[in-house]
*Asks:* 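Would you mind keeping the following structure in view while I ask a few things?
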Amino acid sequence: MNNLLQNLNERQQEAVCHTEGPLLIFAGAGSGKTRVIVHRIAYLIKEKKIPPYKILAVTFTNKAALEMKNRVIDFIGPAGYSVFVKTFHAMAVFILRRHGEAIGISNNFTIYDQNDQQTLLKQILIDLRLDPKKIKPASLANKISELKDQRLYLETKNLDLLLADYSFNFAPIFKEYQKRLKEQEALDFNDLLLKTVELLKAKEEILKDLQNRWKYLMIDEYQDTNYAQYLIAKYLSKESQNICVVGDDDQSIYSWRGADIRNILDFEQDYQQVKVITLNENYRSTEPILQAASAIIKNNKDRKEKNLLSCQGDGEKIKWCQTNNEYGEAEFVISSILSKKNREGLKNKDFAIFYRTNAQSRLFEDFLRRENIPYRVVGGLKFYARKEIKDILAYLRFISNQNDKISMLRVINNPPRGIGRVSVEKIRALAQKEGVSEWKIINDGYLIGKISKGIELFKNIINVALDLNEEVPEKIKLSKLALKVFEISGYKKNLEEEKTLESHSRLDNIYALINSIEDYELTNPEANLEQFLQDISLFTSEEDPNENFDLKDKDDVVTLMTLHNSKGLEFPIVFLTGLEENTFPHKFSLDTEEELEEERRLCYVGITRAKEEVFLTNSEVKRTFGGEVEYQSPSRFLFEVPKDLIELKSFRSSDFRFNESGQSFQQREFKPKVVSRSNNSKFSLKDRVIHPKYGVGQIFKIEGTDDNVKISISFGRARKTFLEKYTHLEKIY
DNA sequence: ACGGGCGTCTTTTTT
DNA sequence: AGACGCCCGT
């Protein structure tokens with residue numbers, strides 16, 4: 001009991017102990033909200049003797065869910081494993097997989113991510129004889145998602161009326177999209193939530209069942225819930241009324257995804273006898289950081305006034321550095337990291353670099369690699385987004401669900417087996433005519449005349465895999481299946497024969513995938529193929545299983561991420577970069593006051609991640625597309641920080657400068673820090689070398705002979721393979 | 001069928 | 001500048 005409430009302030013204790021009835025916690029940045037949730041779960045289990053499986057905690061990101069679960073387990077031991085901690089989407093998958101059939105959803109539905117969505121839309125456009133160049137699948141996908149996120153979409157009795165607001169092509173496309181999702185037994189991300197609402201609404205017994213299962217409901221980041229999520233929470237807690245929501249209106253940054261800030265502001269009206277607790281003591285950041293953040297957020301009109309109290313006392317001023325260009329910015333950030341590491345004994349993991357858009361990460365990565373500082377990009381280039389990984393997963397998805405046309409089209413001629421556009425078109429046409437799936441056309445003898453070898457081959461491959469999947473529920477079944485598919489599909493042979501620089505890393509990546517499936521099987525011994533695929537399709541920000549393979553301490557890395565991804569995290573030193581008008585605030589958010597205020601909240605979120613020190617950077621000039629340069633004024637947010645909290649710095653890029661015309665950047669020759677060098681020396685394993693483009697790296701593989709020697713080098717997280725004869729490498733001693 | 005070369009367009013944030 | 005898609009030559 002004592003230890004359950006230890007290290008908590010009075011209000012935090014109150015929040016932990018108030019277990020019955022609706023509870024609303026306004027938790028300012030750094031006010032120990034995760035700690036409160038963790039303690040509250042522990043309190044329910046230990047003190048109130050609630051079985052752990054009756055507790056449901058919902059967060060927004062996989063990362064947050066994982067973190068919370070681990071903290072619960074650390075705090076109360078193995079009982080924590082049974083607490084149901086998931087993202088909204090993962091919870092929806094859980095519910096739909098068990099009960100979806102009640103509303104006509106196959107229990108091994110496929111989840112289509114943004115990519116699959118766009119592929120599907122492209123097909124629809126072609127079939128409807130619309131030009132995918134004019135109507136872009138990507139923007140269509142966005143529109144569809146936007147539509148489905150709306151409250152109106154769930155409530156409307158007349159979809160046509162709603163669709164009429166869009167351009168005249170949208171309605172038929174949207175309807176066709178929905179139709180094909182159904183045919184292919186697929187759900188997109190929005191559907192996961194929408195179908196769950198539909199289920200809970202329509203099937204009372206199932207709702208009762210779930211209400212019984214989860215007696216205590218906790219929702220983190222409640223300010224970011226959209227209407228569907230709001231309804232799910234409402235349904236699930238309706239009986240028990242034991243719902244605890246935690247949030248901060250100042251940290252609402254997902255309105256573009258349908259998040260409705262009113263959900264938290266109206267909570268007191270939505271539930272009866274709500275207990276409200278405000279946590280306003282900040283344990284994370286120093287005084288100057290908090291003052292700067294508060295000063296910025298005060299410019300928002302649409303917010304509840306509040307003041308956060310600092311508990312950490314005085315600290316370093318905010319550093320603002322204006323650099324000449326983007327290279328200078330990256331160089332400033334990386335050299336600051338280096339000097340702080342040297343002088344203050346900080347570790348890599350103490351630093352985080354934030355930016356507004358994903359594309360901004362590249363230069364920072366270049367400079368980090370060059371200095372041989374290990375780093376991790378959160379959410380950026382995703383392992384699961386790689387071609388070879390998607391290919392293998394597409395095989396598995398098709399094996400799991402033969403109606404999944406997107407996956408079939410992806411693999412039917414991959415690796416090439418002589419099934420060209422014409423054959424595929426023939427199959428598609430026949431499927432449409434006969435009203436059956438493409439797989440049925442191939443497998444059940446619909447094709448008359450002589451059947452091409454390739455189709456016969458594909459049919460055999462899939463049938464072998466299908467049999468294999470039916471077989472023995474061995475422990476290693478999934479990874480074995482993946483490996484088999486990799487082999488019998490010819491994918492492996494194809495890559496092995498290719499013997500190019502690229503095919504090597506592809507092979508490595510696929511083996512890394514198989515490894516990670518093995519890991520998955522260890523933690524989920526009961527999981528079958530369907531479950532695995534559904535789990536994995538939600539794991540978008542999964543870190544690269546391939547990364548950091550040569551690091552002693554794989555967690556000691558500098559973290560790079562978008563501001564959106566930074567929510568809920570904290571770091572001693574934070575770099576907030578690209579603070580220029582049109583970048584941050586982003587140019588698409590300058591139209592309305594609402595959008596601008598959301599950008600400002602994003603800025604607030606970023607700054608409040610820092611415990612000790614904040615660096616704000618902007619560059620005077622930006623390179624846009626076409627190599628043109630453009631002057632950018634400093635972000636308005638910079639001027640919202642009181643002057644006395646700021647220490648000004650300036651930094652000019654030393655490696656890059658303008659050429660005479662001032663039109664583009666010119667790279668100065670890169671001078672590696674070579675202690676001594678030897679040009680004719682042979683390289684050996686474990687040698688550290690400098691690559692003219694990638695900088696310092698370490699050799700981990702050498703193969704081939706004579707003028708066909710291939711050298712594989714790791715540069716921090718990235719691995720690359722080069723042909724020796726074409727690559728100028730310098731050895732470092 | 002397939003890869004290289006060339007022309008196009010690019011830029012928001014994510015489960 | 002770089003990614004991507006399309007067309008053409010093989």
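Letters A, B, ... mirror the listed sequences (proteins, then strands); counts begin at 1.
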*Asks:* Show me the side-chain donor-acceptor pairs of residues 582-591 of chain A shorter than 3.5 Å, one per line, residues at least two apart or across chains.
*Replies:*
{"from": "A:Asn582", "atom 1": "ND2", "to": "A:Gln632", "atom 2": "OE1", "distance (Å)": "3.4"}
{"from": "A:His586", "atom 1": "ND1", "to": "A:Phe588", "atom 2": "N", "distance (Å)": "3.1"}
{"from": "A:Ser589", "atom 1": "OG", "to": "A:Glu599", "atom 2": "OE2", "distance (Å)": "3.0"}

*Asks:* If you measure from the P atom in B:dT11 to the same atom in C:dC6, how many Å do you get, rounded?
*Replies:* 16 Å

*Asks:* Under 4.0 Å between a Lys/Arg side-chain N and an Asp/Glu carboxylate O for A:Arg428 and A:Asp127?
*Replies:* yes

*Asks:* For residues 118-126 of chain A, please give each side-chain donor-acceptor pair under 3.5 Å, one per line with the distance, not counting sequence neighbours.
*Replies:*
{"from": "A:Thr119", "atom 1": "OG1", "to": "A:Asn115", "atom 2": "O", "distance (Å)": "2.9"}

*Asks:* Would A:Lys86 pass as a cation-pi partner of A:Phe84, given that its NZ or CZ must be under 6.0 Å from the six-membered ring centre and within 45 degrees of the axis?
*Replies:* yes

*Asks:* Just verifying a value: how many Å separate A:Leu457 CG and A:Arg417 CZ, rounded to the nearest 0.5 Å?
*Replies:* 5.5 Å

*Asks:* Closest to the A:His586 side chain: B:dT12, B:dT15, B:dT10?
*Replies:* B:dT12

*Asks:* Please report, rounded to the nearest Å, how far the P atom of B:dT15 is from the CD atom of A:Glu221.
*Replies:* 13 Å

*Asks:* Please enumerate all residues that pass ring pair (Phe, Tyr, Trp, His ring centres under 6.0 Å) together with A:Phe571, with sequence neighbours excluded.
*Replies:* none

*Asks:* Separation of A:Phe584 atom CZ from B:dT11 atom C1', in whole Å?
*Replies:* 16 Å

*Asks:* Expected output is a numbered-order residue list: members of residues 251-263 of chain A with a heavy atom under 4.0 Å from any atom of DNA chain B. What is it?
*Replies:* A:Tyr254, A:Trp256, A:Arg257

*Asks:* Looking only at side-chain N and O atoms, does A:Asn62 come under 4.0 Å of OP1 or OP2 in B:dT15?
*Replies:* no

*Asks:* Report yes if at least one side-chain N or O of A:Asn565 is closer than 4.0 Å to OP1 or OP2 of B:dT13; otherwise report no.
*Replies:* no

*Asks:* Would you please indicate if the ring centroids of A:Tyr254 and A:Phe60 are separated by under 6.0 Å?
*Replies:* no

*Asks:* Say you pick atom C1' in B:dT12 and the same atom in C:dG5; how far apart are they, in whole Å?
*Replies:* 23 Å

*Asks:* For A:Lys148, enumerate each residue passing the salt bridge (charged side-chain N to carboxylate O under 4.0 Å, His left out) test, keeping only those at least two apart in sequence or located in another chain.
*Replies:* A:Asp188, A:Asp191

*Asks:* Starting from P on C:dC4, measure out to NZ on A:Lys136 and report it in whole angstrom.
*Replies:* 15 Å

*Asks:* In whole Å, what is the span from the CD atom of A:Glu326 to the P atom of C:dA1?
*Replies:* 13 Å

*Asks:* Where each residue is assigned the nucleotide of DNA chain B containing its nearest heavy atom, which of A:Glu599 and A:Phe60 is assigned the position nearer the 5′ end?
*Replies:* A:Glu599

*Asks:* Which whole-number value in Å describes the distance from A:Gln118 CD to C:dG5 C1'?
*Replies:* 14 Å

*Asks:* Using whole Å, what does the distance between atom P of nucleotide B:dT15 and atom CD of A:Gln117 come to?
*Replies:* 14 Å

*Asks:* Under 4.0 Å, heavy atoms only, any strand: does A:Gln114 hit a base, just the sugar-phosphate, or nothing?
*Replies:* base

*Asks:* Does a side-chain N-to-carboxylate-O contact under 4.0 Å join A:Glu640 and A:Arg600?
*Replies:* yes

*Asks:* Taking a pair as Watson-Crick (N1 to N3 plus N6-O4 or O6-N4) or G-U wobble (N1-O2 and O6-N3), both under 3.5 Å, which stems of 3 or more consecutive pairs involve DNA chain B?
*Replies:* B:1-10 with C:1-10

*Asks:* Rounded to the Å, how far apart are A:His89 NE2 and B:dT15 P?
*Replies:* 9 Å

*Asks:* Starting at atom OH of A:Tyr112, determine the distance to atom C1' of B:dT14, rounded to an integer number of angstrom.
*Replies:* 21 Å

*Asks:* Does the side-chain ring of A:His564 sit on the six-membered ring of the B:dT13 base, less than 5.5 Å centre to centre and under 30° in tilt?
*Replies:* no

*Asks:* So which nucleotide from B:dT13, B:dT12, B:dT15 ends up closest to the side chain of A:Thr61?
*Replies:* B:dT15

*Asks:* Could you check whether A:Asn413 gets within reach of a base, just the sugar-phosphate, or nothing at all, counting any heavy atom under 4.0 Å?
*Replies:* sugar-phosphate

*Asks:* Taking all non-hydrogen atoms of both residues into account, name the closest pair between A:Pro415 and A:Ser489 and its distance.
*Replies:* CG-O, 3.3 Å

*Asks:* Quick one: is B:dT12 close enough that its OP1 or OP2 comes under 4.0 Å of any side-chain N or O from A:Asn142?
*Replies:* no

*Asks:* When you get a sec, tell me which of B:dT11, B:dT13, C:dG2 is the closest nucleotide to the side chain of A:Arg362?
*Replies:* C:dG2

